[in-house]
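One structure is given here, and the rest of the page talks about it.
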Amino acid sequence: MGFCHVFGIGARRILAKNCCVEARVTSVRSSALYVVKKPIRLYPNEKNTTYSHFITFTYRVGETDYPGKLFITPFYRCPAEGETICGYYDPQKPEAYA
């Protein structure tokens, strides 16, 4: 995953082509980045703490499976392992996704 992909540069170009594909989440991993939803945090694993996640997924274009990675910020719902999500790909370069 390159620098431009992490920060969404080029994602609008892929989304504009409107080639939607279903992707299956293969793994979910918590990161060290978190947001505390209360003014005071008493202990590290408090229930009002929301963590960001890294997910990996696979999607199929034609007969080929492609892997993908995504960083989910604490402000969005993280999909569960095995869940199907919607993704977009570039028809000229199917390994490019958004």
Side-chain angles (χ1 to χ4, degrees):
M1 182 170 22
F3 175 81
C4 291
H5 191 77
V6 169
F7 291 101
I9 300 168
R12 288 184 185 180
R13 180 181 54 80
I14 293 171
L15 293 172
K17 296 187 180 187
N18 203 24
C19 292
C20 185
V21 66
E22 287 186 356
R24 181 155 309 271
V25 177
T26 54
S27 71
V28 178
R29 184 174 51 100
S30 277
S31 75
L33 182 65
Y34 60 88
V35 173
V36 178
K37 299 188 283 185
K38 290 188 347 185
I40 299 172
R41 189 173 124 179
L42 301 176
Y43 50 93
N45 292 328
E46 195 164 342
K47 289 182 181 180
N48 287 318
T49 303
T50 304
Y51 288 88
S52 58
H53 294 86
F54 289 102
I55 66 168
T56 57
F57 56 90
T58 58
Y59 62 98
R60 180 177 284 250
V61 177
E63 297 297 317
T64 309
D65 289 332
Y66 295 97
K69 296 178 186 176
L70 186 62
F71 176 76
I72 306 290
T73 66
F75 306 105
Y76 293 99
R77 185 187 75 77
C78 180
E81 190 172 328
E83 188 174 337
T84 301
I85 58 174
C86 180
Y88 294 87
Y89 68 94
D90 186 347
Q92 281 81 32
K93 191 177 174 186
E95 61 273 3
Y97 59 88

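Note that these values count all heavy atoms, side chains included, but never hydrogens, waters or copies made by symmetry.
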Plane angle bin for Tyr97 and Phe57 - parallel if under 30°, tilted between 30 and 60°, otherwise perpendicular
perpendicular
Count the heavy atoms of every other residue, nucleotide or ligand shown that sit under 6.0 Å from CD of Glu22, and state whether that count exceeds 12.
no
Distance-only, no hydrogens or angles: does the Thr26 side chain make a donor-acceptor pair with backbone N or O of Thr56 under 3.5 Å?
yes
Partners of Thr58 by side chain to side chain donor-acceptor pair (under 3.5 Å), sequence neighbours excluded?
none
Here the gap from Ser52 atom OG to Tyr76 atom OH, rounded to the nearest 0.5 Å, amounts to 13.5 Å
Is there a side-chain contact between Pro79 and Ile55 (heavy atoms, below 4.5 Å)?
yes
With distance as the sole test, does Arg24 use its side chain to make a donor-acceptor pair with the main-chain N or O of Gly82 at under 3.5 Å?
yes
Write down the atom of Cys78, the atom of Ile72, and the distance for their closest heavy-atom approach.
CA-CG2, 4.2 Å
Flag the pair Tyr66 / Tyr59 as yes when their ring centroid distance falls below 6.0 Å, and as no otherwise.
yes
Could you tell me which residues satisfy side chain to side chain donor-acceptor pair (under 3.5 Å) with Arg29, sequence neighbours excluded, listed by chain and number?
none
Sequence neighbours left out, what passes side-chain contact (heavy atoms from CB on, under 4.5 Å) with Glu63? Give chain and number order.
Arg60
